[in-house]
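Notes for the one structure printed next.
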Amino acid sequence: PTPTFETVWRRIPKLPPAEGADFDFSDNPIHDEYTFSQGTRYERKFKAALRWMLLLASGIAVAIMYFGMSTAVDKIQELRMDALEDGMRSGDYGMAWVRHIGIMAALLIPACLIVLVEPQAGGSGIPEIIAALNGILAPRSFDGFVVIVKIIGTVLAVASGLAIGPEGPTIHLGAAVTLNMVWVAQSLFGKKFASLNNDHDKRLFLAAGAAAGIACAFRAPVGGVIFALEEAISHFDANLIVRVYFVCVIAYFMLTILVEGGHLDADRFTEYQLSIGCNVGYDAEDIFLFAILGIFGGLLGGLFNFVLMKLNYWRKAHIGPWGYRRFSEVMLIMLITSLCVVFVPTQFPCTPAANLVNHIPQMTDIAKCAELETNTSSANAIPTGYCLSTPVEDLCLNSPNGIDDDRLEELYDLKNLRNALCNNDREYNELESLMQGSGHQAVALLFEEGAGNVFGYSSLFLFLFVYFCLAIIAAGSSIPAGLVIPMLTIGGTMGRIWGLVVNDWIKRADGKRPIDPGAWAQVGAAAFWCGSGRVTVTIAVIVLETTGEYSYLPAIGIAVQFAKWMGDALNQGLYHQLIHLKAMDLLESVPRGKTKGAVVRDIMVPNVMTLSQEGRCGDLREMLDNCTHNGFPVVEEVDGKPMLRGLVLRKYLAPRVVAEIPDNQMIDIALLMNRTPYKCEDEDVAFQSLNMFRLLGIRHLVVVSKVDSSVVGILTRKDFHSLMEWDKHGGHGHGHDSHAITTTTHNAAHGSPDESLTSTEPLSTEA
């Protein structure tokens, strides 16, 4: 039934069970006719061209969607931040807090109610994408209604000022929009796009849409392709990568047109483009310092995962599906966040604006900036090896008579520094600048190079602790939210602290050139993100594309690799832990090896339900009504042994046994079955069969006897997942009790078990 406010307020209904996907084509006459329709060569090429046109339209649609979302978020955030700044300048912090929490409530209440009505609109959706491309189709995750309500909910939630970001939901929405483009095309053009209605093509559009979401959210088209390669696609396909790249480029180009008015300026279009005109570089031995930063990123990322998952399991046990509890939790998170954002900066003193340039020797007063004119050998470089960002350089070199207040205010605006809590216009508040702006502004401030010691130890340590806690409690609550911006912020803060330590205690002590703290922040952001998410190449490429600092490629590469090693030693990556929390049977690529001796016979379901090549309609209808299996081996009796002849899917069989057909009518199953199903022998190594199952993207694997090739069992995703779980908790090799594995997922040892992969309560626990 359609959920209503009254029902979801008491208890949100369970979601329907997830289904396994079959990325392989079925070899049968019906499918051949369905796919090619006996068309001419020209007609088949025309259909291929339609597929490319659909990908083109999808890239454009994702770019338009993201442009609309980001524009709305920016406008609402600007109104919220201006209202907060006015309240802080008045000195009445209590009234400023009341106004701020009122604005947050006006945004978060509808965002939360949206998730209560449609649970699949909650979280980021990235775990659902990874699961879908691994072969698990979660119900309603990519429906058109989910797209509409999640766009609205994401705009409201992100603009509210919680420690969340829009990037995760953008990736999910990109996949959903692209998949819904197929439905639109089928509605408009009918048969021309009918052949796209299969799991194989759905995988293409899901991967392309998710990659296009990354291309738009981070202005990183190459990062989108790498994400599809590294994390999202379990089944490599060269043609798939070409099409994903095409959609990413189209989405990126369309977003350029929308943002820049048709003129592409790569420097301005980069998400966190650094306004610095020179590059100091780093020494070869600094790689060890970057590796240490990577270790810190892995430690902090592992801690983040540990605390977040403990909180999520507590949510599942104590908040669960009760709508009023979820709503109350969001309101509590809003209260805590607003108190921290408003009152924590008031306890921190203001900082002289001279800190923007005091990293240059003998520069202790901003009024002496004019002296730089005699100390520079070029417009952008300082002989001592220090660099100035373009706004600071302009401020200094163009103010020979001292810095006037107008130019100082211009500098504050360019760098998003805030001084509403300061009595002197030549001061700014470090915590106010980091906490009372948007998430993008905080990341940009942390990444900024050429501004000297714009943030000190005390402000960075306090901000790291407060924001770390705020990000953990916001993640997993019943709102559409992602964790990429919080990860970049936490990692950037950690990196900037490490940069100050290195410069103060190592570089200057040895008389060597210091490395800008902004550069350390970029490396730290990549390290923490990888320490939590464990996606190495994708993170490195995205950070490089978002900053344009390609000279730090070796440093970021080293840091993310050490972060992954350290994080893997502590726990699983965050996205995979969230998939397990939702009880989805993800098949991962690397087993732990504890069940190396297990064979297929140990994990298969025996006494499988089989069909003959012909059957009575009434018998088949009764069978389908009384079981939930999706695949049935078709056999032929030879010397009393059931010999495999094919495999028929429920989706092909069910339409032929509808109630209108007489019970005694014979159905030719041979015309419906897959004539060449994948199979393995009962004595094969279990993990080899797992690799075949996973890499080929199949849904059913028939098991035949090694002795006489008769059908003796069947394997589905749940059977392989039970093997991996058994492997994770400790196995004992060949000769164990196979019943201990198979009964963990099936309570009946017959038939081809339906891959109803989860029936858990809906819980928005994504990053």
Using every non-hydrogen atom in the two residues, find where [X] and [Y] come nearest and quote the distance to one decimal.
X: L587; Y: R694; answer: O-NE, 2.8 Å
X: L586; Y: A131; answer: CD1-CA, 4.3 Å
X: V560; Y: I539; answer: CG1-CG2, 4.4 Å
X: S141; Y: V146; answer: O-CG1, 3.7 Å
X: L581; Y: Y313; answer: CD1-CE2, 3.1 Å
X: A61; Y: M181; answer: CB-SD, 4.2 Å

Which side-chain N or O atoms in residues 292-302 pair as donor and acceptor under 3.5 Å with protein atoms at least two apart or in another chain?
none

With sequence neighbours left out, what residues match [X] under side-chain contact (heavy atoms from CB on, under 4.5 Å)?
X: Y550; result: L544, E545
X: F67; result: T71, L255, L258, V259
X: A132; result: L137, F142, L206
X: V147; result: I151, L173, A176, V177, N180

### Query
Can you list the steps and then say if K310 with V307 is a side-chain contact (heavy atoms from CB on, under 4.5 Å)?
CA-CA 5 Å; K310 286 292 184 182; V307 177; 5.7 Å; no
#### Entry: Identified side chain to side chain contact (heavy atoms under 4.5 Å, CB included) counterpart of I558 within the set I287, V523, D286
I287
### Query
When L483 is tested against each of L574, I126, I472 for side chain to side chain contact (heavy atoms under 4.5 Å, CB included), which residue passes?
L574
Decide yes or no for [X] and [Y]: does some side-chain heavy atom of the first lie under 4.5 Å from some side-chain heavy atom of the second?
X: E128; Y: I136; answer: no
X: H721; Y: H580; answer: yes
X: I485; Y: P166; answer: yes
X: L690; Y: M724; answer: yes
X: R315; Y: S477; answer: yes
X: I76; Y: V158; answer: no
X: L464; Y: I497; answer: yes

### Message
Salt bridge check, D201 against R243: does any charged N sit closer than 4.0 Å to a carboxylate O?
### Response
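No.
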### Residue list, side chain to side chain donor-acceptor pair (under 3.5 Å) with T170, at least two apart or on another chain
none
### Query
Excluding sequence neighbours, so at least two apart, what forms side chain to side chain donor-acceptor pair (under 3.5 Å) with Q436?
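With sequence neighbours excluded, Q436 shows a side chain to side chain donor-acceptor pair (under 3.5 Å) to no residue whatsoever.
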[X] side chain to [Y] main-chain N or O, any donor-acceptor pair under 3.5 Å?
X: D283; Y: E285; answer: no
X: N503; Y: D516; answer: no
X: S532; Y: W529; answer: no

### Query
How would you list, by chain and number, every residue that makes a ring-ring contact (aromatic ring centres under 6.0 Å, His included) with Y467, sequence neighbours excluded?
F463
### Task
Report the residues that fulfil ring-ring contact (aromatic ring centres under 6.0 Å, His included) with F304, sequence neighbours left out, ordered by chain and then residue number.
F468, F528
Can you tell me how far the [atom1] atom of [X] sits from the [atom2] atom of [Y], to the nearest 0.5 Å?
X: E167; Y: H440; atom1: CD; atom2: NE2; answer: 4.5 Å
X: S551; Y: L553; atom1: OG; atom2: CG; answer: 9.0 Å
X: I214; Y: C248; atom1: CD1; atom2: SG; answer: 7.5 Å

### Intermediate values then yes/no, side-chain contact (heavy atoms from CB on, under 4.5 Å), N305 and Q572
CA-CA 8 Å; N305 291 0; Q572 272 192 310; over 6 Å; no
### Query
Crowded around Y245 OH? As in, over 12 foreign heavy atoms under 6.0 Å?
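Not more than 12 within 6.0 Å, no.
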### Query
Above 12 or not: heavy atoms from other molecules or residues under 6.0 Å from OH of Y457?
yes
#### Entry: Steps toward side-chain contact (heavy atoms from CB on, under 4.5 Å) verdict (L289, W498)
CA-CA 9 Å; L289 299 175; W498 178 244; 4.2 Å; yes
### Query
Can you list every pair that meets salt bridge (charged side-chain N to carboxylate O under 4.0 Å, His left out) and has a residue in residues 555-577, with sequence neighbours left out?
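Residue pairs passing salt bridge (charged side-chain N to carboxylate O under 4.0 Å, His left out), neighbours aside: R534-D568, K564-D568.
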### Task
Could you walk me through whether V454 and L417 pass side-chain contact (heavy atoms from CB on, under 4.5 Å), step by step?
CA-CA 9 Å; V454 63; L417 293 173; 4.0 Å; yes
#### Entry: Contacts of type salt bridge (charged side-chain N to carboxylate O under 4.0 Å, His left out), residue K202, not counting sequence neighbours
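Here no residue qualifies.
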### Query
With sequence neighbours left out, what residues match D504 under salt bridge (charged side-chain N to carboxylate O under 4.0 Å, His left out)?
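D504: salt bridge (charged side-chain N to carboxylate O under 4.0 Å, His left out) contacts with R508.
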